[in-house]
Amino acid sequence: MRFTTLLALVILLTQAPAFGWNALGHKVIAEIAWQELNEDQRTEIVDILKRHPRFGEDFVNQMPAVDPPDQWIFQHAATWPDIARGIRGPDRDKFDKPIWHYVNFPLTIDGFPAPKLNLASDPARGKSISWNIVQATEYCRGVIQSEAPVSQKALAYSWLFHLVGDMHQPMHSTALFCERYPKGDRSGNSIKLTKGDNLHSLWDGLIGRSHNLNNVRGKVAQLRQDESLWEVETAGTPEDWVAESHKVAQSIAYESQLLDQIGDASGQEPFSLSEEYYPQSGKIARQRVVAAGLRLAALLGAKPGTSHQVQTAESYEPSQQPFVPVPKSRDIKTGEAGHELGFWLNTNSHVRHNSGCRHFEKTRGRPCGPDEGKPCGICGG
């Protein structure tokens, strides 16, 4: 789908105030791109990021004691556009661009008329405040390739990292319009769930939560164990990738069971999702995150299939902070006596949660290894 075709479908009638992938998701995407780049490419980009106009406030002041710091800076840049939402004072209007994070293709049910299209401004002529995610991405790529001041390039890199991630989050491509939500469901933010907060936030957190440097590396290492996730076509365009997300939203995110409940005039919130929904959406989220990372790397100049920093899952011990440290045990079979267990098994449901899950050590259970129980449908176990 070309850019002009996409613009004919774009709608910006509602704002979606929620974030795209949470901090872990965005950092995982950046880490995948980091691993695809060579040392010279990494150094060049990080040197520019260090000239970010808010590098002191939003990078240095938040930087933990990590080694190497450049890798953390690269990852953190991908989260900065969400950090900008919390800036106080005049800098917020200067740096926060809430509409850049998404584009709403309409999804309608029960014959509800599709809303009239409100086409966004052309990036070459319109005001930046009204750009959608595709237009903002094209603008950032243009800045990076131009002779713009290095501080502007630093901003453009931060936004590019983030927007490529957001456009792979299905809920950043679609809004539902129907009798219940005649002005749109705010990309799933209005759909309250019995399990989880709302439909949008559910997708934001499907990869997990804890996002320190070691956990991000470990998550990427886990993803690399599934070779099928890495069979990604990187030669497309941002328009193509948003169109993919819209298809996922239509076929997976807004499942028929959910739409039936929403369309039932007597149905009451919160709504429930099918049991198959959680593991299926978790798998899709992992696919989308890996695709985003590889495609971001391609936009940054990486050559396909030339990862420069690939680790196995055993290379990293996931940090348990800010959770209570998991004790060592010889009573649980893990393959190695005394191995520090990094997962939590709910002994009632026999579901396994990873350290980034909100259920980690919050349910009745015990520490476990990565092969016990069945994986949590939200965090992937």
Side-chain angles (χ1 to χ4, degrees), residues 19-97 100-101 128 136-166 211-217 219-220 292-303 306-309 311 319:
F19 301 91
W21 306 110
N22 61 17
L24 175 63
H26 280 294
K27 288 185 176 183
V28 164
I29 291 167
E31 173 64 14
I32 291 171
W34 171 273
Q35 293 185 11
E36 296 294 309
L37 298 172
N38 62 42
E39 192 62 36
D40 290 341
Q41 291 170 322
R42 297 171 182 169
T43 299
E44 179 182 358
I45 294 172
V46 173
D47 284 349
I48 292 174
L49 289 173
K50 290 177 181 178
R51 302 288 294 276
H52 192 288
R54 288 186 58 88
F55 187 72
E57 302 97 319
D58 298 338
F59 286 75
V60 175
N61 289 350
Q62 298 186 35
M63 189 184 303
V66 294
D67 184 25
D70 283 4
Q71 189 174 12
W72 182 90
I73 291 169
F74 192 95
Q75 292 179 8
H76 190 70
T79 70
W80 181 81
D82 282 341
I83 294 172
R85 295 172 184 252
I87 293 174
R88 304 301 180 192
D91 271 3
R92 177 169 181 174
D93 292 336
K94 183 178 179 180
F95 295 116
D96 182 27
K97 310 291 184 184
W100 284 19
H101 295 257
S128 65
T137 300
E138 295 297 340
Y139 165 75
C140 292
R141 293 177 67 188
V143 170
I144 291 169
Q145 296 167 5
S146 74
E147 298 299 321
V150 68
S151 61
Q152 291 185 22
K153 291 190 175 186
L155 285 169
Y157 270 120
S158 297
W159 274 104
L160 181 66
F161 290 9
H162 189 86
L163 295 178
V164 171
D166 275 355
H211 56 87
N212 62 46
L213 183 62
N214 220 31
N215 281 2
V216 174
R217 291 166 168 172
K219 177 61 69 172
V220 175
L294 293 176
R295 288 165 173 173
L296 173 60
L299 292 181
L300 296 176
K303 295 181 179 180
T306 57
S307 298
H308 294 276
Q309 181 177 320
Q311 295 85 14
S319 169

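Taking CD1 of I73 as the reference point, atom NZ of K50 lies at 5.0 Å (rounded to 0.5 Å). Here the straight-line distance linking atom CG of L296 with atom CG of L163 works out to 10.5 Å at 0.5 Å rounding. Separating the CD atom in Q35 from the CG atom in L294 is a distance of 10.0 Å, to the nearest 0.5 Å. Atoms CZ and CG, on R295 and L300 in that order, are 14.5 Å from each other to the nearest 0.5 Å. How far CD1 of I29 is from CG of L24: 9.5 Å, rounded to the nearest 0.5 Å.
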inquiry  = Does H101 form a side-chain contact (heavy atoms from CB on, under 4.5 Å) with D82? I'd like the steps, not just the answer.
reply    = CA-CA 9 Å; H101 295 257; D82 282 341; 3.4 Å; yes
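Nearest heavy-atom pair, P81 versus S158, reported as atom, atom and distance to 0.1 Å: CG-O, 3.8 Å. For the pair M63 and P69, the tightest heavy-atom approach, listed with the atom from each and the gap, is SD-CB, 4.1 Å. Smallest separation of non-hydrogen atoms from R217 and D67: NH2-O, 3.4 Å. What you find for L49 and A154 is that their closest heavy atoms are CD2-O, 3.8 Å. The minimum heavy-atom distance linking A302 with L37 is given by the pair CB-CD2, 3.8 Å. When all heavy atoms of E36 and A297 are compared, the pair lying nearest together is CB-CB, 3.5 Å.
Residues satisfying the side-chain contact (heavy atoms from CB on, under 4.5 Å) criterion with I144, sequence neighbours excluded, are A156, Y157, L160. Applying the ring-ring contact (aromatic ring centres under 6.0 Å, His included) rule to H211 yields no partners; only residues at least two apart in sequence or on another chain are considered. When the ring-ring contact (aromatic ring centres under 6.0 Å, His included) test is applied to F55, the partners found at least two apart in sequence or on another chain are F59. With sequence neighbours left out, the side-chain contact (heavy atoms from CB on, under 4.5 Å) criterion links R92 to I87, R88, D96. With sequence neighbours excluded, the residues that form a side-chain contact (heavy atoms from CB on, under 4.5 Å) with Q62 are D58, W72, H76, I83.
Ring to ring, W21 and H162 are not that close: their centroids are 6.0 angstrom or more apart. For W80 and F95, the distance between ring centers is under 6.0 angstrom.
Using cut-offs of 30° and 60° for the angle between ring planes, the F74 and F161 rings count as tilted.
Residue pairs satisfying the side chain to side chain donor-acceptor pair (under 3.5 Å) criterion with at least one member in residues 144-155, sequence neighbours excluded, are absent.
Listed for the Q41 side chain is a donor-acceptor partner under 3.5 Å among the backbone atoms of N38.
At least one side-chain heavy atom of D70 sits less than 4.5 Å from a side-chain heavy atom of W34. A 4.5 Å side-chain heavy-atom check between W159 and Y139 finds every atom pair outside the cut-off. Taking the side chain as every heavy atom from C-beta outward, E31 and Q71 approach each other to under 4.5 Å. Looking at heavy atoms from C-beta onward, H26 lies in side-chain contact with D166 at the 4.5 angstrom threshold.
For D91 and R54, the salt-bridge test passes: some basic side-chain N is under 4.0 Å from an acidic carboxylate O.
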